[in-house]
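Notes to accompany the following structure.
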Number of protein chains: 2
Amino acid sequence: MEPSPKRMPTLDEVAARAGVSRTAASRVINNAPHVSRAKREAVQRAVRELGFVPNPAAQALATRKVGAVVLAVSSDEPGLFADPFFAEVVVGVSAALEQTDLELILLLANTPRGRERFERLLRSRRADGVMLMALRGDDLLGRLCQEAGLPVVFGGLPLTGEPTWYVDADNRGGARLAAEHFARTGRRRPVMITGQVDARASVAREQGFTDGLTLSGLPLLGVEPGQFTEDGGAAAMERLLRAHPDPDAVFAASDAMAIGALRTLRERGLRVPEDVAVIGFDDLASARHTSPPLTTVHQPVRALGQEMARMLVGAIEGHRPSPLILPTRLTVRESAPDLPVQA
Amino acid sequence: MEPSPKRMPTLDEVAARAGVSRTAASRVINNAPHVSRAKREAVQRAVRELGFVPNPAAQALATRKVGAVVLAVSSDEPGLFADPFFAEVVVGVSAALEQTDLELILLLANTPRGRERFERLLRSRRADGVMLMALRGDDLLGRLCQEAGLPVVFGGLPLTGEPTWYVDADNRGGARLAAEHFARTGRRRPVMITGQVDARASVAREQGFTDGLTLSGLPLLGVEPGQFTEDGGAAAMERLLRAHPDPDAVFAASDAMAIGALRTLRERGLRVPEDVAVIGFDDLASARHTSPPLTTVHQPVRALGQEMARMLVGAIEGHRPSPLILPTRLTVRESAPDLPVQA
DNA sequence: GAAGTTGTTGGAAGCGCTTCCAGTTCTGGG
DNA sequence: CCCAGAACTGGAAGCGCTTCCAACAACTTC
C-alpha cells in the first residue's frame, strides 16, 4: 500500500532466467534479428513470467531516443488553453500517438517561467520532437526548436515565415465560403469581426472573406478585432453597429466571437437571421446550441491534432517535409440560412 | 536547419572546463554541499558558457527519479476530454507544476489500447506519480497505480473506496445550497437531472440536493439521468416534463445539462425563471452567457487541478496523506434569481 | 572437401549522471 | 604547535539498456 518504489526486474534477470546473454534478450525485446527461434521464445516466456518492462531512462540513455514528444501551447492569456479548441486538438494528438509508443508531454508556455521551462525541455532532449500551437506574432519558440535540432511541426502557420513542417486548416478558403454564402443569399452590407491582428489565422480569414466579397462584387463595410473571445466579439459587434448602423451580415473569425456578436445583436433588438445573418468559424460543439443555431465554417480540429502528431512521427523517422492543409466547409444552420430570408 | 541531433555538452566537459572533478560539478548543479566557493563559481561559469543542461535520462537512471508526473483521464467517451472542465483542470495542474521541475505527461485512457499504455507507463516508471481523473464505476486504474507502488492522487472520489490521497469539490454541500436556494425563493415542486449513475460526483450531488430539500420540508418530484451532456440534459428534461407536468424548479448536476434543460424548457414554451427556475453545477465560463444567465453551484475547477498537483508533489516527497475538499458556493444569476419571482 | 556465405552468440564498451567512500585539507581549541 | 573534527575532493562503481565486434556454427556452391 505504501508507495514503496518497488524494484522492477531488469534485462539481466530476464536473460539469466531464459539462459541467454543480455545481448540476446535485448534483441528479443526490440525484436531485432540474429536470435534463434528457441532463444527468442525462451526470452519471451521469461519476460512474461517476470512482468518485465524495459526501463525507459536506460533505453533513452543508450539510444538517444526518449520516446516522448511535447505539445507546447503558447499564448499570453493564461486561460486560452481552456478554449475547447485546444482540448479538441489534444484529443486528436492523443489518438494519433496512441498508435505509437510515444508519450505526450503537455506544456503550457504562457508565463515567462513556462517559456524558460520550454527552452530547458528542448535543450535537455527530454522529447524527440515538438508540436507547437498558437504562436503569436514573432514568437521565438519556433526558432528555439530549430536551434535545438529537434523536429518541429507547427499547428497553424506562425505569423512570419513558412516552416517546413506544418498543418493548418484552409482558413482563407473557408472564409471565402462565408462571403459567397452571404452573396448567394442576398446579403449586401457585410461586416467582419477578426481575431488578434497578429494571429495568422485571423489574417487569412480576413483575406479569404475579402476575396469572396470582391469576387461577388460586394463591399466590406467594416472590420473590428474581437480577440477571439466571446466578450471581445460582443464588444466588436457594438463598435461595428455604432460605425455602420445597418449591416445585414456579419462574419466572425471564430465561433466564440460569433456567439458574442449574437448576444449584442439580441440586446440591440436585431433579429437573426431576419435582420442580420451571422456566420462563425470553427464549428465547435457549442455552435449547434446557440439560438439561433450558428452557421459556421467547419474546420476539422481533431483531425488537425491527429495530423500534427502523425506528421511529427514522420519527421522523427526522417521523412521528407510535406506541409498539410486541411479542408474547411460551410455548415449551414439557422443564423444564416440557405435561402434568402424574407424580412 | 536539418534536425541533426546536435550533441549537447556533458557534465564531464563542464568539469574539465572548470578544472574540477565530475563529482564536484555534479554537486554544484544539484546544489549539494561540500564544494568550496571557488570551485562552485568556476563550475557555474562553465555551465553558463557551455549552455549545459543535465541529461534527464541519465539523471533518471542514476537517481530513480524521472522528473515527470502523469495526468490520466479515463472515460468511455472519447470526447469527454473535450469538456471545458478538463481543460480547466489541466490549466490548474500545469500552473502548479510550473513551480516545480516536473514535466506533465498527459494520457487519455479511454480506449483499451490507452489503458494498456497506461499500465505500461506505470510499470516502466516513466513517471514519479499519477493524477487520476474521472474514474467510472469500479475502474481498476487506481488499483494499478497502487500496485506499481507509485503515489496516486485522485481528482474526485472514485465510486468505491476512499483513497488516501484525493482532492474533491464539496459536491454534497454545493447541491444542498441549490435546494436551499429553491426553498428560500418560494419554489415548491423541484425536480433534478443527475449525471451517470455510476459517477460518484453525481451521486453526491443528488444526495446533497435531497438533504437540502428534506431540511426545508420539500419533496423531490422526479429525477432523471442526463449523462452530463447537453443533449442528455435536454432529453432528461423532456422525460421529467412528461412525468411531472408542472415543476417550478430544476437542478441539474452539471452546467452542460442545465443548458440542455434550458433549451427544452424554451421549446416547451416555459419561461425561465418565471415558470421554472434552473440551477446548474460547475459554473463554467459558458454559464455566464446562456439566456437567461445560469444560476449555478460554483466549483473551483482550476484550483482543483492546482491542488491535485501540489498534493502529488507532497506525496512524492513523502508527506503524510491529507485529503482535501474544496468549497463550493452558489453563483446567483437570472435563471434562479435571489428574490421570489412574481409569476 | 576447401572456401565462402549467412546467421548466431555473448563479451565488453559505452550512454551521462549520482554517490559511496577513502583520503586530504582546513579549522580552532588546548 | 599538535590534534580532533568538520569540510572538501575525486576515483570508481554503479543505474539498465544498446550495440559494436570478434568468434563461431551451419550451410552452400564449385
Side-chain angles (χ1 to χ4, degrees), chain A residues 5-44 46-47 50-68 101 120-121 123-128, chain B residues 5-44 46-47 50-68 101 120-121 123-128:
Chain A
K6 237 189 302 183
R7 217 181 55 73
M8 298 302 291
T10 72
L11 191 57
D12 277 305
E13 304 180 52
V14 170
R17 177 164 194 127
V20 305
S21 71
R22 192 226 317 278
T23 308
S26 171
R27 288 196 181 107
V28 173
I29 70 166
N30 295 308
N31 48 71
H34 305 305
V35 183
S36 67
R37 195 177 158 73
K39 299 215 173 201
R40 188 172 296 269
E41 277 165 4
V43 171
Q44 281 161 345
V47 165
L50 261 38
F52 170 79
V53 176
N55 177 324
Q59 289 190 128
L61 192 54
T63 61
R64 293 145 176 286
K65 291 237 145 254
V66 302
D101 36 40
R120 224 183 145 71
L121 187 77
R123 309 185 54 100
S124 71
R125 301 212 98 60
R126 211 187 175 73
D128 296 322
Chain B
K6 238 189 301 180
R7 215 180 58 71
M8 299 300 292
T10 73
L11 230 205
D12 277 305
E13 306 180 49
V14 170
R17 176 162 193 131
V20 305
S21 72
R22 193 228 316 283
T23 307
S26 171
R27 288 198 181 106
V28 173
I29 70 166
N30 295 309
N31 49 70
H34 303 306
V35 182
S36 66
R37 194 178 159 73
K39 298 214 173 199
R40 188 171 296 269
E41 277 166 2
V43 172
Q44 281 161 345
V47 165
L50 260 38
F52 170 79
V53 177
N55 177 323
Q59 290 189 129
L61 193 54
T63 61
R64 293 146 175 288
K65 292 239 146 249
V66 302
D101 37 39
R120 222 184 147 71
L121 186 77
R123 308 184 53 100
S124 69
R125 301 210 98 60
R126 210 185 176 66
D128 296 322

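Side chains are part of it too, since the values below use all heavy atoms of this structure and drop only hydrogens, waters and symmetry mates. Protein chains get the first letters and strands the later ones, always in sequence-line order, with residue 1 at the start of each.
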#### Entry: nucleotides 14-19 of chain C: protein proximity per nucleotide (B base, S sugar-phosphate only, - neither; heavy atom, under 4.0 Å)
BBBBBB
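When the C1' atoms of four end pairs are superposed on the next four at each end of the helix from C/dG1-D/dC30 to C/dG30-D/dC1, using five pairs per end, the two resulting axes differ in direction by 40°, to 10°.
Evaluation of the salt bridge (charged side-chain N to carboxylate O under 4.0 Å, His left out) test over residues 14-25 of chain B, restricted to residues two or more places apart or in two chains, returns B/D12-B/R22, B/R17-B/E49.
Counting to the nearest Å, the P atom of C/dG7 and the CZ atom of A/R40 are 13 Å from each other. For B/H34 and C/dC26, the NE2 to C1' distance is 14 Å, given to the nearest whole Å.
Listed by chain and residue number, nothing satisfies the salt bridge (charged side-chain N to carboxylate O under 4.0 Å, His left out) test with A/R123 (two or more places apart in sequence, or in another chain). Residues meeting the side chain to side chain contact (heavy atoms under 4.5 Å, CB included) test with A/N55, sequence neighbours left out: A/A57, A/A58, B/L61. With sequence neighbours excluded, no residue forms a side chain to side chain donor-acceptor pair (under 3.5 Å) with B/Q44.
A 4.5 Å side-chain heavy-atom check between B/K65 and B/P56 finds every atom pair outside the cut-off. Residues A/P54 and A/M8 fail the side-chain proximity criterion, which asks for heavy atoms closer than 4.5 Å.
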Tabulate below the donor-acceptor pairs under 3.5 Å that side-chain atoms of residues 23-42 of chain A make, not counting sequence neighbours, or state none.
residue	atom	partner	partner atom	Å
A/N30	ND2	A/S26	O	3.0
A/S36	OG	A/K39	N	3.4
A/R40	NH2	A/A32	O	2.9

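Rounding to the nearest 0.5 Å gives a distance of 8.5 Å between CZ of A/R126 and CD of B/Q59.
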